[in-house]
Amino acid sequence: MPHYLGQTRSQRRADHLLQTPETFVRAPLPGMRKATAIVHIAPAGGARFTQYTAELEAGGRLGPAMGQRFLYVLDGELTAEGRRIGPGGFAYLPAAHSGVVSATASARAVVIEKPYQPLEGVSPPLFLSGTEAAMTPTLLGNDPWLEVRGLLPDNPAFDFRVNTMTYQPGASLAAVEIHVMEHGLVMLSGGGIYRLNTDWYPVQAGDFIWMGPYCPQWFGAIGKTPAKYLIYKDWDREP
């Protein structure tokens with residue numbers, strides 16, 4: 001998108017952030033090789049987790065994680081624990097994981113990192129990988145036009161969840177939501193309108209949204225194709 005006299009769709013508020021591609025800044029993180037990161041949100045921005053898009057050249061690799069790490073491949077292919085992860089594939093790497101995440105060819109991936117919150121009497125989760133397509137879809141509120149795929153098991157060992165949500169054209173959340181969980185959201189395809197607090201934003205594929213705790217939020221899909229996003233939330237722990 002051209003840059004005209006400082007115009008941008010990006011907006012920053014106390015309880016939310018819309019970051020659009022014309023404002024992305026790329027910089028390496030420690031330990032990265034032949035790779036760079038677009039850091040969308042981090043504790044410096046008020047979040048309790050870090051989310052970035054990693055862009056890797058062939059042979060590139062990520063540096064060590066500051067805690068547990070979740071990967072969702074957008075383009076290309078990554079290798080973790082000897083497993084190849086292609087577009088729509090994902091992996092969870094526990095906090096103690098020391099293996100290398102590398103690219104067999106140029107690749108882009110959503111990366112989510114956060115310190116692990118242990119739960120008394122529950123063993124921490126182990127490495128896992130899978131594909132979004134293999135996850136059983138459910139319908140949010142029994143709405144046949146709003147499909148959810150959970151990418152992490154419904155298991156108290158995990159202190160967060162990552163889902164994809166697909167809205168058929170014209171579908172929307174049934175109500176404005178206000179809750180203690182915070183979100184990191186990447187628009188994967190399509191577009192629509194997001195309400196964040198009292199502001200309304202047009203959003204499209206490639207945009208990133210952070211929603212802080214108790215930020216009023218609502219989304220409706222607009223256009224002739226489905227709208228789909230990947231969304232993180234903290235889960236199953238004391239606030």
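Residue numbers count from 1 along this sequence.
The closest donor-acceptor contact from the side chain of Lys34 to the backbone of Ala58 lies under 3.5 Å. Put simply, the side chain of Thr36 gets close to the backbone of Ala27: a donor and an acceptor are under 3.5 Å apart. Remark: the backbone N or O of Met181 is paired with a side-chain donor or acceptor of His179 at under 3.5 angstrom.
Between Phe90 and Phe70, the angle of the ring planes stays under 30°, which puts this pair in the parallel group of the 30/60° scheme. Aromatic ring orientation, Tyr194 versus Tyr229: tilted (interplanar angle from 30° to 60°).
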Test side-chain hydrogen bond (donor to acceptor under 3.5 Å, both in side chains) on Ser129 and Arg83; report intermediate values, then the result. CA-CA 8 Å; Ser129 63; Arg83 303 184 193 185; 3.2 Å; yes
List the steps, then state whether side-chain contact (heavy atoms from CB on, under 4.5 Å) holds for Leu17 with Ile209. CA-CA 6 Å; Leu17 167 72; Ile209 295 172; over 6 Å; no
Run the side-chain contact (heavy atoms from CB on, under 4.5 Å) check on Lys114 and Thr50 step by step: do they pass? CA-CA 6 Å; Lys114 71 183 292 284; Thr50 298; over 6 Å; no
Please determine whether ring-ring contact (aromatic ring centres under 6.0 Å, His included) holds for the pair His16 and Tyr201, giving the CA-CA distance in whole Å, both sets of side-chain angles, and the decisive distance to 0.1 Å. CA-CA 12 Å; His16 67 267; Tyr201 302 105; 5.5 Å; yes
If you apply the rule side-chain contact (heavy atoms from CB on, under 4.5 Å), what do you find for Ile41 with Phe208, and how did you get there? CA-CA 9 Å; Ile41 194 66; Phe208 172 82; 3.6 Å; yes
Pair Leu151, Met135 - check side-chain contact (heavy atoms from CB on, under 4.5 Å), show working. CA-CA 7 Å; Leu151 306 186; Met135 301 296 105; 3.9 Å; yes
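Under the 4.5 Å side-chain criterion, counting only non-hydrogen atoms from C-beta, Ile231 is not in contact with Val162. By the 4.5 Å heavy-atom criterion applied to side chains, Val110 and Leu74 are counted as neighbours. Between Leu56 and Leu62, the closest side-chain pair of non-hydrogen atoms falls below 4.5 Å. Two residues are said to be in side-chain contact when any heavy atoms from C-beta on lie closer than 4.5 Å; Val180 and Asp234 fail this criterion.
Considering every non-hydrogen atom in both Pro21 and Gly206, the closest pair reads CG-O, 3.7 Å.
Ring centers of Phe127 and Tyr92: at least 6.0 Å apart, outside the cut-off. Tyr167 and Phe219 have their aromatic ring centers within a separation under 6.0 angstrom.
Residue-environment remark: CZ (Arg237) exceeds the threshold of 12 foreign heavy atoms within 6.0 Å. The number of heavy-atom neighbours closer than 6.0 Å to CH2 of Trp218, taken from other residues, nucleotides and ligands shown, is above 12. Around CG of Asn142, the count of heavy atoms belonging to other residues, nucleotides or ligands within 6.0 Å does not exceed 12. Other residues, nucleotides and ligands contribute at most 12 non-hydrogen atoms within 6.0 Å of the CH2 atom of Trp235. Within 6.0 Å of the CE atom in Met32, the count of heavy atoms belonging to other residues, nucleotides or ligands exceeds 12.
No hydrogens or angles considered: a donor-acceptor pair under 3.5 Å links the side chains of His40 and Gln19. Under 3.5 Å, the side chains of Thr79 and Thr104 contain no donor-acceptor pair of N or O atoms. Judged by distance alone, the side chains of Arg9 and Gln11 never bring a donor and an acceptor atom under 3.5 Å apart. Side-chain contact check for Glu182 and Trp210: at least one donor-acceptor pair (N or O, by modelled atom type) lies under 3.5 Å. In summary, the side chains of Glu147 and Thr166 do not present any donor paired with an acceptor at a separation below 3.5 Å, with no hydrogens or angles considered. In summary, the side chains of Thr8 and Glu22 do present a donor paired with an acceptor at a separation below 3.5 Å, with no hydrogens or angles considered. Of the N and O atoms on the side chains of Asp159 and Gln68, at least one donor lies less than 3.5 Å from an acceptor on the other residue.
If you take CZ on Phe160 and CZ on Arg48, they are separated by 14.0 Å, rounding to the nearest 0.5 Å. A distance of 7.5 Å separates CG of Asp207 from OG of Ser10, quoted to the nearest 0.5 Å. Note: Asp15 CG to Gln217 CD = 9.5 Å, rounded to the nearest 0.5 Å.
Between Glu113 and Arg69 a salt bridge is recorded (basic side-chain N to carboxylate O distance below 4.0 Å).
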